[in-house]
Amino acid sequence: MSKVSEKLLANTSKPAGVPALLVLEDGAAFSGTACAARGEVFGEICFNTSLEGYLEVITDPSYAGQIVTMTYPQIGNYGVNLDDCQSDAPALRGLVVRDMCTTPSNWRSQMSLPDFLVEHNVVAAEGIDTRALVRHVRDHGAQRAVLSTEDSSVESLLAKVRASESIVGVNLAATVSCKAAHPFPADALPQSHAFAVEPPAPQKYRVVAYDCGAKRSILENLVRVGCDVTVVPWDTPAEEVLAAKPDGVFLSNGPGDPEAVSATYAQVEKLLGKVPVFGICLGHQMISKAAGAAIEKLKFGHRGGNQPVMNLRTGRVEITAQNHGFGLVFPSLGKLVPELSGGCREHVSNLNMWARERIAPVVQNEKFGRIQLTHVNLNDGTAEGIAFLDIPAFSVQYHPEAAPGPTDAHYLFTAFTRLMDGRADYLDIDIAADRLAGWKFADNTEVSA
């Protein structure tokens, strides 16, 4: 950059930053400039395709151990409202964007995103060709990466990243879970959200929520449908949970390799059949592991607010928010029950066959009896949800709380209450009628202005 250009930039709202370099373990390198804290961080590179909700993504504990790339070109344009944070502090290792906005414009904004990232010491880079980066990850898969504002040598950083730790086999849930049990009361709901959502339903159900990295919005949604929520650490013994005599148990989202979170799925195995259970994301994987299923690492995962999923029980397609790099291998749950699977006896590799045939197949599981495949990802044919037919339990791989994301899957919180009520048709809900439940339009003149 010329001296004239440097002088011009210095007098704008966005002066030039120091150089930043992103290097992947396969040798791919991408240059940019620092736009938040300075430093050098290591993690698994991944990308999120959401068009909005960057703050919710950045503060999602499920991103522990990862360097997140946002595919939408400009990030930070509506600033930061702290009530939208999904945790007390970001857990991700680093952030990569095409363009970082330093002068946000929104009536709810309390500070700029770069200031928020600096406050929490998050290393971030802009000016990187995110389209090229995402296409590289899609072609070559998720892998270790290093983001540095201190080392400008590709060779040096490549050696460092190849010597860094992989997230595979690491229990990251333990690093983001709460330290002790605590209530999540109705008065914890942000007052700044009251312009958009109705007050919560009266508390009817006592729910224990395992915190493996729970997003606040998920706990808020449980409260909004009438749950009195107590949050417990990831490894809380099942005996303690059952002693509290809850109406239901919720298993939260969380980061990393589910195989490493054995202390959680060992407890889930003891809970299944004793109390209604609902799990999402890592919680879905915990239920699957408790049933003896295999989990696979996906090539580049599902992250974004635009993943199409079919509910095989109703035939409805939901546009869902997702964030995971591992998934259930459905055939590993057991052999198909032909009379409940359209006469089919053999498993298929791509589960979209069940979507085309409008069949929700059922397997016979050695531990818990019949398990039904309820949801399928229409992009790649992977499993997105299961329901136990002989005990009260179900789970989905995606995020129904819409933070960020569409509200198509909001019905799953209602389904959980119906499961606790003992209804066999708990999942058979018209999402067209439920997707806007609890939302309202602002009528406050101060807000509308």
Side-chain angles (χ1 to χ4, degrees), residues 56 59-62 83-87 173 176-178 181-191 193-194 196-234 236 241 244-254 264 268 271 275-284 286-287 320-321 323 385 387 392-405 407-423 426-427 429 431 434-439:
E56 290 90 336
T59 56
D60 181 351
S62 294
D83 283 345
D84 299 339
C85 291
Q86 298 301 302
S87 59
V176 292
S177 177
C178 61
H182 63 89
F184 191 87
D187 59 15
L189 301 180
Q191 289 301 307
H193 291 180
V197 291
E198 300 286 353
Q203 292 185 343
K204 178 182 177 182
Y205 311 94
R206 297 178 64 246
V207 170
V208 172
Y210 271 82
D211 178 11
C212 295
K215 297 174 68 176
R216 281 187 59 92
S217 290
I218 295 173
L219 301 177
E220 290 169 6
N221 273 272
L222 288 171
V223 171
R224 291 191 185 281
V225 295
C227 296
D228 177 4
V229 179
T230 298
V231 183
V232 299
W234 67 282
T236 301
V241 173
K245 298 182 179 179
D247 298 306
V249 172
F250 174 76
L251 307 172
S252 85
N253 63 295
T264 299
V268 176
L271 293 169
V275 63
V277 179
F278 171 36
I280 72 163
C281 200
L282 183 65
H284 163 72
M286 294 296 94
I287 287 179
T320 68
N323 173 19
F394 76 110
S395 60
V396 293
Q397 182 61 76
Y398 51 98
H399 287 234
E401 82 288 348
T407 61
D408 291 11
H410 175 272
Y411 74 97
L412 291 167
F413 293 104
T414 304
F416 185 35
T417 65
R418 288 166 51 143
L419 178 68
M420 289 187 284
D421 285 335
R423 293 180 56 169
Y426 65 95
L427 270 178
I429 298 173
I431 65 171
D434 188 85
R435 66 188 300 272
L436 296 179
W439 292 83

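What's counted below: heavy atoms across the whole structure, side chains too, no hydrogens, waters or symmetry copies.
Without hydrogens or angle criteria, T230 side chain to V208 main chain gives no donor-acceptor distance under 3.5 Å. In terms of modelled atom types and a separation under 3.5 Å, the side chain of S395 and the main chain of I287 share no donor-acceptor contact. Within the 3.5 Å criterion, the main-chain N or O of P190 finds no donor-acceptor partner in the side chain of D83. With hydrogens and angles disregarded, a donor-acceptor distance shorter than 3.5 Å links the side chain of Q86 to the backbone of S217. Formation of a donor-acceptor pair under 3.5 Å by the D211 side chain with backbone atoms of S177 is not found in this model. Using modelled atom types, no side-chain atom of Q203 and backbone atom of A201 make a donor-acceptor pair closer than 3.5 Å. For D60 (side chain) and S62 (main-chain N/O), a donor-acceptor pair under 3.5 Å exists by modelled atom type. At least one donor-acceptor pair under 3.5 Å links the side chain of T264 to the backbone N or O of W234.
Minimum interatomic distance between P404 and A321 (heavy atoms only, all atoms of both residues): O-CB, 3.3 Å. Scanning both residues, V176 and G213, for their nearest heavy atoms gives CG2-CA, 3.6 Å. When all heavy atoms of M420 and P276 are compared, the closest pair comes out as CG-CB, 4.1 Å. Closest approach of C212 and S252 over heavy atoms only: N-OG, 2.9 Å. Closest non-hydrogen pair, R224 versus E198, comes out as NH1-O, 3.2 Å. Taking every heavy atom of both residues into account, H399 and C281 meet most closely at NE2-SG, 3.5 Å.
For the side chain to side chain contact (heavy atoms under 4.5 Å, CB included) with Y210, the qualifying choice from V231, V277, V268, L271 is L271, the only one to do so.
Y426 has its ring centre less than 6.0 Å from the ring centre of F394.
Remark: D228 CG to L222 CG distance equals 11.0 Å, nearest 0.5 Å. Of the inter-residue distances, the one linking K204 atom NZ with T417 atom OG1 reads 7.5 Å to the nearest 0.5 angstrom.
With 3.5 Å as the limit, one finds no donor-acceptor pair spanning the side chains of N323 and N253.
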